[in-house]
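These notes concern the structure reproduced below.
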Amino acid sequence: MSYHVQLEVNGRRHEREVEPRMLLVHFLREELGLTGTNVGCETSLCGACTVLVDGAAVKSCTQLAVQADGASITTIEGLATNGELHALQQAFWDLHGLQCGYCTPGMILAAADLLERNPDPDDGEIREALKGNVCRCTGYHNIVRAVRRAAEGGAA
Amino acid sequence: MVPSAFDFHRAGSVDEAIELLGRLPDAKLLAGGHSLIPMMKLRLAQPGAVIDIGRIQELSGVCRDGDVVSVGALTRHGEIAASEELRASCPLLAEAAGKIGDPAVRNRGTLGGNIAHADPASDLPAVLIAVGAVVHLAGPEGRRQVAARDFFVDLLTTALDPAEVITRVDFPVAAPGTGQAYLKHEHPASGYAVVGAAASVTLSGGRCTAASLAFNGISAVPHAADEVVSGLVGGTLDDASLASVSSLLSVRDPLGDVHASGEYRVELARVYGRRALASARDRASG
Ligand SMILES: Cc1cc2nc3c(=O)[nH]c(=O)nc-3n(C[C@H](O)[C@H](O)[C@H](O)COP(=O)(O)OP(=O)(O)OC[C@H]3O[C@@H](n4cnc5c(N)ncnc54)[C@H](O)[C@@H]3O)c2cc1C
Ligand code: FES
Ligand code: FES
């Protein structure tokens, strides 16, 4: 059985016939070639696959592409505008909020969801918001600093 | 990791969902997908058909009518946690929903899916029991209501018939003078409850007029700790009395696993139960 889906990703419309069991993360990576969204644990725990679905952070390994039919999705590829990095991307760069970078797309989109709801979070709120995102490299401190810097610069 | 193949259907209404459940053998409802999809990826569930109820408008939202606040089965954990109405009328539910998983999980997971899945480590089941909520079901034979205490039957098993849909849960609005608290000892990796204590107390003139306490995580179905709270009515809920009643907690078949033995969970529950009652008391008088 295949199912017709139509969705908007980073402002562009896409239509595909997909198997219902296809996960959103595989749709993004394999159907659309948007490999910025990473697959880490595959078990909903690491957050590497986090994207925004209709503005809300979602683990795309835990949503079927067919569930996202009609939705508007933002991946890490969609954050920069006209070649200029998003405030969160710039702050992660400036403050070394990443080492290997594997967790970074998910971290940044989870942080974008936070700043949308709470433009001026304190460190505790930032840590709480990133609870579902695991980083094996940085020890988190620079990630928290980067999110705060982006908030101060008005990322939301 | 991908689920095994299935047919996909989208229900536009509760009636359509019931009709599809009746017609398709081996079908599963899909709400937020945050229990079902992980199970399907691990092939612990392999339904032949999936019925997506995620867009049924009538199943979503919070609505107060007098002494009852109704929460639609599809209402997401994050919406529950942020709802001003629920923070005022059933703060225990809002607090527990806000402690589920992480923000992305709360953006997807729903009340109906949480209680239908009936994982003993979930946060919402004990809340329903502590406040005396009523679960509303719709099926081919019509509609019915089940009290929370009768809804949870066994590990991952509820009174829900496979042909039925949970439509909403009705929560009594907290009476004046009521304080509530949900305290959770969470598993450091998964975030699920090793022990979750849900307490509600009502004070009038400094005396307790009602008290309830229920636990997640320590038994196959949430444990209604009547043995702990039954002696509290009429008293002042001072720390000494809470300490003495919390030791009365008695669980017939405590649940143990590789993370925490049954005895350890019950010991933790005594502490978390006492603290949850004390916090509920402080909120009631404060
Ligand atoms: C990483 C992670 C961490 C989590 N941490 C926690 C936690 O700390 N605490 C906690 O409580 N939960 C936790 N959860 C579980 C989460 O709350 C789930 O969202 C919830 O248990 C299931 O809700 P759902 O809407 O996603 O249901 P689904 O996964 O869509 O469905 C679950 C089951 O319920 C049935 N169902 C769904 N809706 C209905 C309905 N209306 N009527 C009848 N049957 C229905 C489905 O058929 C299925 O059998 C976690 C999940 C993940 C992935
Ligand atoms: S790959 Fe999705 S949460 Fe880890
Ligand atoms: S930078 Fe390597 S996992 Fe976070």
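In the text below, chain A, chain B and the rest are named by the order of the sequence lines, each starting its count at 1.
- Counting non-hydrogen atoms of other residues, nucleotides and ligands closer than 6.0 Å to CZ of A/R136 gives a total of 12 or fewer.
- Ranked by heavy-atom pairs under 4.5 Å with chain A, the first of B/A5, B/G54, B/G33 is B/A5.
- A pairwise comparison of heavy atoms in B/P38 and A/S44 identifies CG-OG, 3.8 Å as the closest pair.
- For B/D102 against A/G132, the heavy-atom pair with the smallest separation is OD2-CA, 3.2 Å.
- Of the possible donor and acceptor atoms, one in the side chain of B/K41 sits under 3.5 Å from a partner among the backbone N and O of A/C61.
- Around CZ of A/R12, the count of heavy atoms belonging to other residues, nucleotides or ligands within 6.0 Å does not exceed 12.
- Between the side chain of B/N107 and the backbone N or O of A/A57 there is at least one donor-acceptor pair closer than 3.5 Å.
- Each of A/L130, A/L114, A/V58, A/T43 has some count of heavy-atom pairs under 4.5 Å with chain B, and the biggest count is that of A/V58.
- Shown here is A/E15, whose CD atom has more than 12 heavy atoms of other residues, nucleotides or ligands within 6.0 Å.
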Please evaluate residues B/R108 and A/V53 with respect to the criterion side-chain contact (heavy atoms from CB on, under 4.5 Å), reporting the C-alpha separation (whole Å), side-chain torsions for both, the decisive distance (0.1 Å), and the verdict.
CA-CA 10 Å; B/R108 295 296 303 161; A/V53 178; 5.6 Å; no
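- Note: A/M1 CE to B/F6 CZ = 9.0 Å, rounded to the nearest 0.5 Å.
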Hey, mind stepping through A/L64 and B/L30 against side-chain contact (heavy atoms from CB on, under 4.5 Å) and telling me if it holds?
CA-CA 10 Å; A/L64 303 170; B/L30 175 67; 3.9 Å; yes
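- Proximity to chain A is absent for every atom of B/A82, based on heavy atoms less than 4.5 angstrom apart.
- Under the 3.5 Å distance criterion, the side-chain polar atoms of A/R21 are left unmatched by any main-chain donor or acceptor of B/M40.
- Using a 4.5 Å heavy-atom cutoff, the side chains of A/L23 and B/I37 are in contact.
- With a 4.5 angstrom heavy-atom cutoff, A/T50 does not touch chain B via any of its atoms.
- Around CD of A/E17, the count of heavy atoms belonging to other residues, nucleotides or ligands within 6.0 Å exceeds 12.
- If you take CZ on B/R106 and NZ on A/K131, they are separated by 6.5 Å, rounding to the nearest 0.5 Å.
- Interface residue B/D7: backbone and side-chain heavy atoms are both found under 4.5 Å from chain A.
- Both the backbone and the side chain of A/A56 come within less than 4.5 Å of a heavy atom of chain B.
- The candidate from A/V39, A/L45, A/V66 with the greatest count of non-hydrogen atom pairs under 4.5 Å with chain B is A/V66.
- At a 4.5 Å heavy-atom cutoff, A/N133 makes no contact with chain B through either its backbone or its side chain.
- Residue contact with chain B, scored on non-hydrogen atoms closer than 4.5 Å, involves the backbone and the side chain of A/E42 alike.
- The 12-atom threshold is not exceeded at NE2 of A/H96, counting heavy atoms of other residues, nucleotides or ligands nearer than 6.0 Å.
- At least one donor-acceptor pair under 3.5 Å links the side chain of B/R55 to the backbone N or O of A/Q67.
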